[in-house]
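Have a look at the structure below, then the notes.
Letters A, B, ... are given to chains in the order of the sequence lines, protein chains preceding strands, and every chain is numbered from 1. Remember, predicted model here, so these are calculated numbers, not experimental data.
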2 protein chains.
Amino acid sequence: MRHEAGEAGCRTREVDDLAQEHVTVWARPERGTRGPAAVHSRAELTAVAVELADRSGLAAVSTRQVARALGTGQASLYRYISSRDDLLDLMTDAVAGEVGLDVPLGGDPVEDLVALASRTKAVHLRHPWLSDVPPEPLRLGPRGLDYLEYALRAMEPAPLSGRIKMEIVALMNALVAQFARTELQTSRGNASRQAAQTAHLGEAASRGGHPHVAAAMADRTETDPAQVPRDLSSR
Amino acid sequence: MRHEAGEAGCRTREVDDLAQEHVTVWARPERGTRGPAAVHSRAELTAVAVELADRSGLAAVSTRQVARALGTGQASLYRYISSRDDLLDLMTDAVAGEVGLDVPLGGDPVEDLVALASRTKAVHLRHPWLSDVPPEPLRLGPRGLDYLEYALRAMEPAPLSGRIKMEIVALMNALVAQFARTELQTSRGNASRQAAQTAHLGEAASRGGHPHVAAAMADRTETDPAQVPRDLSSR
DNA sequence: AGTAAATTGCGAACACTGATCGCAGTTATG
DNA sequence: CATAACTGCGATCAGTGTTCGCAATTTACT
């Protein structure tokens, strides 16, 4: 695990050791020229890791399990990557490449971005672990760079600064992740446990003076998206 | 760690073992009546954990470190909570209580929600680890319930279904988290490392046929928020 | 050709992590 | 007063990411 602050755990965003360079995977070359030919490759590592995550969740992507699925020793992985985070970067970039970028732009930034977001959400649904990858800033690989380029191209007509445009992309992706989360949760998600949770929450709400929560939980109405007013105000 | 799928790691959202009840912290009572008085309390645990996270990040909140900061044994923590996730729930609920909910509502859902979001963002800035807590669905404690109640009250005039309103709250919080992330990243954030990353990215962009990315990175313009058109279209 | 440098796979270890078990001691209830 | 419940906690387990050193292998530079 990351020993940056002397402790381990989930992917952290701590202060970097100033002594450490901490280069990205994309900065280091995959192979030198000297030694024997490598048996595997970063692409193979990535494919196996993605497969593993698709089947068993992001937590299943441990160095040992990936190594086993690859048929190699655990320590051997570190010949291809220098940390588990590198592997996450590779995985993220790989699935970013699954978003189709050959769709021609229509010219309206909003419409084009919405279409891109929709295709991105599809990728999230296909790779549920993607919503669980902690959002690290600015760790784009080649595919992610293509993605960003496409999004910025879509926003070309908009009179906004570059920084704002990039923040918009990040924002859009956060929204996509959230949408994907709720969609996954309602679909694949354990109706029994869900109902129990909801019931318990509703009960707690009605018991403790939270009438609006109780009402919202009891509301079985399906809102027709077409009749939702644009500005959310009352009728 | 969670042994749900036989593996450990970051806070996962795997399939629950059907044999396991997996009750929330809020469902279990803090203390029984029989034994000797407990030396500490959930509130004390929570306070120490929040303090620890504020200073050293979410990864520093390990059972051992919390126990040490509390002056007790590691295994003793499990008398108050049944998993580390419980502790995260407690922490989240505690800081949710820091959002002021005594601000009177104006009546316009959008305005009121924006104000609430702004106050929520302030809490995120005060507790940077909050953006790192993996968003688990529907694990509200009492404070979170109050928060939800307030938000739903703000949306009372809006003709939307309860489900949609709750999704809106989740969406808003995802947005707040994203805003907090970028804000934290640009403020507290390691100018040297950041500049290096940006430069490296810009170079890669200009080298590999990503003109829009290169242009956006080079753009030092500060967009005046006042003159951004409402619909993002061209001028 | 021959030497030196670089690289590979990997077993073994290290420093962590969350969680469980069992036990002595303490308290309230029947 | 006995029994049941609870506490604190040392020891331990299974799992994690990462490092080190070593034999083997391949390339590059004399």
To the nearest Å, how far apart are B:H40 NE2 and D:dT7 P? 12 Å
When all nucleic acid strands are considered with a 4.0 Å heavy-atom cut-off, which category describes A:V61: base, sugar-phosphate, or nothing? sugar-phosphate
Between C:dA13, C:dG9, D:dG8, which nucleotide gets closest to the side-chain atoms of A:R64? C:dA13
Counting just side-chain N and O atoms, does B:R31 come under 4.0 Å of either OP1 or OP2 of D:dA5? no
Are there more than 12 heavy atoms of other residues, nucleotides or ligands under 6.0 Å from atom CZ of A:F179? no
Could you run down the sub-3.5 Å N/O contacts of the protein with nucleotides 22-27 of chain C?
| unit_1 | atom_1 | unit_2 | atom_2 | d |
| --- | --- | --- | --- | --- |
| C:dT27 | O2 | B:R34 | O | 3.3 |

Just to verify, what does A:S118 make a side chain to side chain contact (heavy atoms under 4.5 Å, CB included) with, not counting sequence neighbours? none
Does A:Y80 place a side-chain N or O at less than 4.0 Å from the phosphate oxygens OP1/OP2 of C:dG9? yes
Looking only at side-chain atoms of B:Q74, point me to the closest of D:dC6, D:dC9, D:dA11. D:dA11
Take the protein atom CD of A:Q65 and the nucleotide atom C1' of D:dG15, then report the distance between them rounded to whole Å. 10 Å
For A:A38, report the nucleic acid contact type (base, sugar-phosphate, nothing); a contact means any heavy atom under 4.0 Å. sugar-phosphate
Separation of B:R84 atom CZ from C:dG18 atom C1', in whole Å? 9 Å
To the nearest 0.5 angstrom, please state how far the OG atom of B:S62 sits from the CZ atom of B:R84. 7.5 Å
A:L90: which of A:T46, A:D85, A:V50 passes side chain to side chain contact (heavy atoms under 4.5 Å, CB included): A:T46
Is a donor on one side and an acceptor on the other found under 3.5 Å between the side chain of B:D86 and the backbone of B:I81? no
If I take atom CG in residue A:L87 and atom P in nucleotide D:dT16, what distance separates them, rounded to the nearest angstrom? 14 Å
How many angstroms lie between CG in B:L140 and OH in B:Y147, if you round to the nearest 0.5 Å? 11.0 Å
Report yes or no: does A:R126 contribute a side-chain atom to a donor-acceptor pair with the main-chain N or O of A:V95 at less than 3.5 Å? no
Looking across every strand, which nucleic acid part, if any, lies under 4.0 Å from A:T72 by heavy atom: base, sugar-phosphate, or nothing? sugar-phosphate
Under the 3.5 angstrom rule, does the side chain of B:D93 hit a backbone N or O of B:R143 as a donor-acceptor pair? yes
Side-chain donor-acceptor pairs of residues 162-170 of chain A under 3.5 Å, sequence neighbours excluded:
| unit_1 | atom_1 | unit_2 | atom_2 | d |
| --- | --- | --- | --- | --- |
| A:K165 | NZ | A:M155 | O | 3.2 |
| A:K165 | NZ | A:A158 | O | 3.4 |

Angle separating the five-pair end axes of the helix from C:dA1-D:dT30 to C:dG30-D:dC1, nearest 10°, is 0°
NE2 of B:H127 to CD of B:E51, rounded to nearest 0.5 Å, is 10.5 Å
Set of side chain to side chain contact (heavy atoms under 4.5 Å, CB included) partners for B:R68, sequence neighbours left out: none
Among residues 43-52 of chain B, which residues get a heavy atom nearer than 4.0 Å to DNA chain D? none
